[in-house]
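Notes follow once the structure below has been shown.
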Amino acid sequence: MRRFTGMIASAAVVLSVVTGCGGTTSPQPVATGATGATGAPGTPAPAAKKAVTLMLNWIPYGEHAPFYYGLEKGYFSDEGIDLTIQPGGGSGKTVQAVGGKQVTFGWADGPALINGISNGIPVKSVGSFLQVGPGSVEFFADKNFKTPADLKGKTIAMTAGDAVSQTFGAFLAANNMTIKDVNVVNIDPTGKLAALQAGKVDAILGFFHDQAPTIANTDTLKNDPELVKAFLR
């Protein structure tokens, strides 16, 4: 596999559509933090922890490991946070969920964040995880694509609405092309690699490391800045 990268250098960030607390129930399993055990008889009860929900950009994969590690080690609990981690269904949906105050924090990709803000969604980036965006055009070496111009007339698979698809037009424009210069087909994210392996498409759009910014609702950022700081620590 080879790839063209640099589809707009946007970092993965923690999105704070800094909203109030509270989250939605998820049809998929979620990970929750411990609220702490009560002490021995006569000792004061531990202070109540604030319920916080984090929605990921996708179903859990390697990039999300630090959140689960922090949960297991009690780092969030030490900050007074009772954290619930929810899987996501794409960065765009995560941005919308944070903007709609369905979750407290979100983990999403830069282009999806920028697009959401431009459409009036009240979210802001409060932390950066990846310093360079992982968006790329991926293809097999035997295609012998040497420059982006070699993609002209080729069939490119993408998933409509995902982070990379939102910057593909800008990538083409930066290389003196337009979307009309390629044949774009929309494929479910689970089917893109299979389509590439079967030779049905010449290349796919995706994250070269597998698959994010963390976000919070602007009201959360305004009304509870200490919570945002605690979450980031």
Backbone N or O of [Y] within a donor-acceptor pair of the [X] side chain at under 3.5 Å?
{"X": "K192", "Y": "M158", "value": "no"}
{"X": "T159", "Y": "I187", "value": "yes"}
{"X": "T104", "Y": "T53", "value": "yes"}
{"X": "D150", "Y": "T147", "value": "yes"}
{"X": "S118", "Y": "N115", "value": "yes"}

Hydrophobic cluster membership, [X] vs [Y], 4.5 Å side-chain cutoff:
{"X": "L151", "Y": "V184", "value": "yes"}
{"X": "F140", "Y": "L193", "value": "yes"}
{"X": "M177", "Y": "L205", "value": "yes"}

For [X], enumerate each residue passing the side-chain hydrogen bond (donor to acceptor under 3.5 Å, both in side chains) test, keeping only those at least two apart in sequence or located in another chain.
{"X": "N186", "value": "none"}
{"X": "Q96", "value": "none"}
{"X": "D188", "value": "T190"}

Check [X] against [Y] and note the closest heavy-atom contact, atom names and distance.
{"X": "V201", "Y": "A157", "value": "CG1-CB, 3.9 Å"}
{"X": "V52", "Y": "L227", "value": "CG2-CD1, 3.7 Å"}
{"X": "M55", "Y": "G88", "value": "CG-CA, 4.1 Å"}
{"X": "G116", "Y": "V95", "value": "CA-CG1, 4.2 Å"}
{"X": "A112", "Y": "G92", "value": "CB-N, 3.9 Å"}
{"X": "I121", "Y": "G99", "value": "CG2-CA, 3.7 Å"}

Roughly how far, to the nearest 0.5 Å, is [atom2] of [Y] from [atom1] of [X]?
{"X": "F129", "Y": "H64", "atom1": "CZ", "atom2": "NE2", "answer": "9.0 Å"}
{"X": "I59", "Y": "L56", "atom1": "CD1", "atom2": "CG", "answer": "10.0 Å"}
{"X": "K222", "Y": "K124", "atom1": "NZ", "atom2": "NZ", "answer": "10.5 Å"}
{"X": "L54", "Y": "F76", "atom1": "CG", "atom2": "CZ", "answer": "7.0 Å"}
{"X": "E72", "Y": "F67", "atom1": "CD", "atom2": "CZ", "answer": "15.5 Å"}
{"X": "F139", "Y": "L196", "atom1": "CZ", "atom2": "CG", "answer": "10.0 Å"}

Next on the checklist: Taking salt bridge (charged side-chain N to carboxylate O under 4.0 Å, His left out) as the definition, give me every residue that meets it alongside K152, ordered by chain and number, with sequence neighbours left out.
Outcome noted: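 None.
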Contact between [X] and [Y] at the side-chain level, heavy atoms closer than 4.5 Å - yes or no?
{"X": "V137", "Y": "F168", "answer": "yes"}
{"X": "W58", "Y": "T94", "answer": "no"}
{"X": "I204", "Y": "I156", "answer": "no"}

Next on the checklist: Once side chain to side chain donor-acceptor pair (under 3.5 Å) is applied, what residue pairs with a partner in residues 193-208 remain, sequence neighbours excluded?
Outcome noted: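 Only K143-D202 qualify under side chain to side chain donor-acceptor pair (under 3.5 Å).
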Can you sort out the partners of [X] under side-chain contact (heavy atoms from CB on, under 4.5 Å), two or more places apart, ordered by chain and number?
{"X": "T178", "value": "K180, D181"}
{"X": "A230", "value": "E79, I81, R233"}
{"X": "I117", "value": "L113, V123"}

Next on the checklist: Ignoring hydrogens and geometry beyond distance, is a side-chain donor-acceptor pair present between S91 and D109 at under 3.5 Å?
Outcome noted: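 D109 and S91 do not have a side-chain donor-acceptor pair below 3.5 Å.
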Next on the checklist: Run the side-chain contact (heavy atoms from CB on, under 4.5 Å) test on T155 and V185 for me, step by step, so that the C-alpha distance in whole Å, both residues' side-chain angles and the decisive distance to 0.1 Å come before the verdict.
Outcome noted: CA-CA 7 Å; T155 300; V185 294; 4.0 Å; yes
Checklist entry - When you check the gap from the basic side-chain N to the acidic O, do K50 and D224 get nearer than 4.0 Å? => result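 Between D224 and K50 there is a salt bridge, with a charged N closer than 4.0 Å to a carboxylate O.
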Item to check | D219/K101 salt bridge by N-O under 4.0 Å criterion | outcome: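 Salt bridge between K101 and D219, a charged N being under 4.0 Å from a carboxylate O: yes.
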Item to check | Worked check of side-chain contact (heavy atoms from CB on, under 4.5 Å) between W107 and E63 | outcome: CA-CA 10 Å; W107 182 252; E63 183 178 285; 2.8 Å; yes
Checklist entry - Could you walk me through whether V164 and F171 pass the side-chain contact (heavy atoms from CB on, under 4.5 Å) check? => result CA-CA 10 Å; V164 188; F171 169 77; over 6 Å; no
Checklist entry - Can you list the steps and then say if V182 with K154 is a side-chain contact (heavy atoms from CB on, under 4.5 Å)? => result CA-CA 5 Å; V182 296; K154 305 302 181 182; 5.7 Å; no
